[in-house]
Protein chains: 2
Amino acid sequence: MATIEDVAKLAGSSRTTVSRVINDQPYVTKDKKEKIMDAMRQLGYVPNSSARRLRSQRTETIAVLLPRITNPFFGHLIEAIEEEASKYGYQVIVCQTHDKKQKELDYLQLLKTKQVDGVVMASFTNDWMEIKPFLDSGPIVLCNEYMDTDQVSMVHIDHRQAAYDATIHLIEQGCQHIAFTSGGQETHISRQRKSGFHQALSEHNLPFYSDSKWTEALDVKDGQKVLEHLKSVHPYIDGIFTGSDEVAAGIVYAAAQGNWRIPEDLAVVGFDNQMLSLLMVPSITTIEQPVEDMARKTIEVLVEKMQSKQPQRHTRFVYPYELLKRNSTDRSSVTQSVH
Amino acid sequence: MATIEDVAKLAGSSRTTVSRVINDQPYVTKDKKEKIMDAMRQLGYVPNSSARRLRSQRTETIAVLLPRITNPFFGHLIEAIEEEASKYGYQVIVCQTHDKKQKELDYLQLLKTKQVDGVVMASFTNDWMEIKPFLDSGPIVLCNEYMDTDQVSMVHIDHRQAAYDATIHLIEQGCQHIAFTSGGQETHISRQRKSGFHQALSEHNLPFYSDSKWTEALDVKDGQKVLEHLKSVHPYIDGIFTGSDEVAAGIVYAAAQGNWRIPEDLAVVGFDNQMLSLLMVPSITTIEQPVEDMARKTIEVLVEKMQSKQPQRHTRFVYPYELLKRNSTDRSSVTQSVH
DNA sequence: TTGTAGGCGTTATCAC
DNA sequence: GTGATAACGCCTACAA
């Protein structure tokens, strides 16, 4: 591989001048500049990025931590993040934590070892106290995940309110026995959702059912299991708020196979407005997050932190969401027939 | 940030010895080693990765080029690739090309500038002659994409045969007027599929229909458009091979809205066995690729190339696929009623 | 067993 | 305008 030195020799000048040309700096005569450009072409010279990194102490790379990329929500998120980051000239490293605390910490090492200039945490399973020390090594922005502190910037929607709205919707549709499912790991988000769910129920003096089977529902398969479990153990349940469209889809699918009527026997709410939720029969009521906007803002905030020297204030950006009412909760006919 | 020098000073030894400790090399007394470890802890020392890269001329990073991560096939692919690469200690950089030739070339620069040790191309829209020169900068492995050469290693299934099988299946189900859709960019894969499709038709003396509207079908929305188009312009079409489950799902969805019966009026085949294809009503006949196996093999091959000094032979790995027959093509009742 | 010194390729500082 | 020279932080002959 040709180095800057080779180019300098061939062009009959010094490394310094070549460097000036590479970086489009002033104070180089047209004549020299052309000679150098020629030499670079001839040698197929390309600046070595490791050397640049060492010299400049920046990597132009960020790490994005997320549970798993095949969850469509995170797929969309990283798609948008990659696009946005690339506009600023940053590479994106994918870090799948699978909700494992250790993996999360391992990937944060990238920040310490200066392999990345900053980190987006869309996976956040450790205690904040474990994460905080990494802030000394570089900026971190929480995306989707959040908590109650002002020691870090965050971009998210109000999951508590979203779950509240969805639950109220179920109640308005006449549901009296409503269940709640969430993914394996207990995160701040799932706590927030549960809290909103509880509030809606208690405001209407409705009972709260709990079953450990409901706290590990992550994907379509889990959704199917949930429905089987409901049918055999809790057949009175007539509404369910799932934290995910995949789980909701699994429930709808299993219901179709097992003669359970949605929404008549069971009204279902998903989360994230994946394509899936629209295509299922019946289509699934869900909550839409402005993923692209959130991704853009996350990168904007992170880039600002990475590029400014002095540590600036941390900010919280709360985005609006939308409850999309679809057929899986449309019990208007059910309610009527009761009267 | 503490450097190796700082540690050395604090521990009262030299950089060399510290480096030995870091890299677990012999010839260090227990005593010194402990002192040095202590010093590292005290200073919170972490080796600087940029320096290491420069010194070792390796980045422990690979780039994965793919069209878009939200296409579930590529989502699964990169999930598996990331996991496998991480076992070998490699980071993964996501590079979405959106099927743009220029983006593809831009990302290949990462290899030239030594930002990555190797590249997986799961997006391949340029001519091979454009790509080939990059091989001088480091190893490249084609995954999913392939072509007729032995200048590069490839991991893929036989798309020609897969399309042939699927088309034969449609014919066996009694379809007489069969259409073919493919994604925007003309790739080697789409040519292969088309060739298999053609062969099946001509073996059965069936006509081949062509319509430019069918060559840009990529996602669910496009599938919906395709069905609308079929209904108004080619209502006689009774079978369709789509290159994608999303397109197939779009067709099924639009059919349900528009009183078109699947499979009675139109039998539909997708590709990739996404969750979606199973969950749709009717469930969609599709072709399953062994994504995880392909990802594993791709990384295995790439790692070997990256780690061995002398350039070795290029190999082609062709994986088996499976045609999953589901309801979207089950016309047994149709066929019977004709008799 | 330990330390010295040079270099990986680049850029910033300073002197000419 | 241009060019030596000294870092950036690490590893590794080689010498002791």
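Here is how names work: the chains are called A, B, and so on, in the same order as the sequence lines, proteins then strands, and each is numbered from 1.
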Task: Side chains of B:Lys103 and B:Leu65 in contact at under 4.5 Å (non-hydrogen atoms) - done: no
Open item on the list: Among C:dT1, D:dT2, D:dC10, which nucleotide has an atom closest to any side-chain atom of B:Ile4?
Closed with: D:dC10
- [ ] For A:Pro26, answer base if it contacts any base atom (sugar-phosphate contacts may also be present), sugar-phosphate if it contacts only those atoms, and nothing otherwise; contact means non-hydrogen atoms under 4.0 Å.
- [x] nothing
Open item on the list: Please classify the nucleic acid contact of A:Gln57 as base, sugar-phosphate, or nothing, using heavy-atom distances under 4.0 Å.
Closed with: sugar-phosphate
- [ ] Pick base, sugar-phosphate or nothing for B:Arg15, based on heavy-atom distances below 4.0 Å to the nucleic acid.
- [x] base
Open item on the list: Mind checking if B:Ser13 touches a base, just sugar-phosphate, or nothing, with heavy atoms under 4.0 Å?
Closed with: sugar-phosphate
Open item on the list: When you compare the side chains of B:Ser19 and B:Thr16, does any donor N or O come within less than 3.5 Å of an acceptor on the partner?
Closed with: no
- [ ] Using a heavy-atom cut-off of under 4.0 Å over every strand shown, decide if B:Ser50 touches base, sugar-phosphate, or nothing.
- [x] nothing
Open item on the list: In terms of relative ring orientation, are B:Tyr146 and B:His159 parallel, tilted or perpendicular, with 30° and 60° separating the classes?
Closed with: parallel
TODO: For the side chain of B:Arg55, starting at C-beta, report the closest nucleotide among C:dT1, D:dG3, D:dC10.
DONE: D:dC10
Open item on the list: On DNA chain C, does the nearest nucleotide to A:Arg20 precede the nearest nucleotide to B:Gly12 from the 5' side, or the other way round? Give the residue.
Closed with: B:Gly12
TODO: Determine the sole option in B:Arg316, B:Glu145, B:His188 for which the side-chain hydrogen bond (donor to acceptor under 3.5 Å, both in side chains) test with B:His156 is passed.
DONE: B:Arg316
Open item on the list: Looking at the base of C:dT4, is there any donor atom on it, or on the side chain of B:Thr16, that sits under 3.5 Å from an acceptor on the other one?
Closed with: yes
Task: Candidates C:dT10, D:dC10, C:dG3 - which lies nearest the side chain of B:Tyr45 - done: D:dC10
TODO: Describe the nucleic acid contact of B:Thr3 in one word from base, sugar-phosphate, nothing, applying a heavy-atom distance below 4.0 Å.
DONE: sugar-phosphate
